[in-house]
Amino acid sequence: MREVGKIIVKLRMEKGLRQKDLSEILSMSPSNISNYENDEYWPDLDTICQLADYFNVTTDYLLGRTEYRCPPEILNKYISTDYTIHNIVNTLLTLDSASLNAALKYVDYLKENHDRMIGKNKDTKGKTRGDTIRNVSSHPQHQKNTSLKKPGKGGS
């Protein structure tokens, strides 16, 4: 099971914040943030909710209960004047393997540039993001038929 402190550190670093910055945002002392991150003690329920809201993750993610970061309602968020996250996901699901691989490589490229800008070139395992790209054509959903079907249904 993941530790709450490590998750808070990861989220804080992704935003390029120092402990002092996060403590000011949450109106608490930097020592509280340090204690949470070092698993000296856990944040209270109100603080867990504040952290989840600030980092736009679910409380379950923050507590290490799931790997899914985003609450479902985030799918309806507009990321431009024309597209919601839901639109982007649906578009990705319609792509053939080669196009999906190209899209994933581009997303990795953008993420690497973002990480470089905040001074974070390596992930927690010491690999660059580019080392983690997988070829989706080996995934069962992308072999010959790229349509997704619900289990037990004939699909549409």
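We use all heavy atoms of the structure for the numbers below, so side chains are in, but hydrogens, waters and symmetry mates are not.
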Look up atom CD in Glu37 and atom CE in Met13, then write down how far apart they are to the nearest 0.5 Å. 9.0 Å
Assess the residue pair Ile79 and Thr84 against the criterion (side chain to side chain contact (heavy atoms under 4.5 Å, CB included)); give the C-alpha distance rounded to whole Å, side-chain angles, the decisive distance to 0.1 Å, and a yes or no. CA-CA 6 Å; Ile79 56 175; Thr84 64; over 6 Å; no
Please answer whether the main-chain N or O of Leu95 pairs with a side-chain N or O of Ser99 as donor and acceptor at a distance below 3.5 Å. no
Under 3.5 Å, is there a donor on one side chain and an acceptor on the other for Asp60 and Tyr68? no
From Thr59 atom OG1 to Leu45 atom CG, the distance as rounded to the nearest 0.5 Å: 9.0 Å
Identify which one of Asn90, Leu92, Ile85 satisfies the side-chain contact (heavy atoms from CB on, under 4.5 Å) criterion when paired with Ile88. Leu92
Ser29 OG to Gln19 CD distance, which is reported to the nearest 0.5 Å: 10.0 Å
Within a reach of under 6.0 Å around OH of Tyr41, are more than 12 heavy atoms found that belong to other residues, nucleotides or ligands? yes
Do the side chain of Asp21 and the main chain of Arg18 share a donor and acceptor less than 3.5 angstrom apart? yes
Got a second to check how far Phe55's CZ is from Ile7's CD1, nearest 0.5 Å? 11.5 Å
Looking at Ser34 and Ser31, would you say the former's side chain and the latter's main chain have a donor-acceptor pair under 3.5 Å? no
Inter-residue atom distance Arg69.CZ - Ile74.CD1, 0.5 Å rounding: 11.0 Å
Residues in side-chain contact (heavy atoms from CB on, under 4.5 Å) with Ser27, at least two apart? none
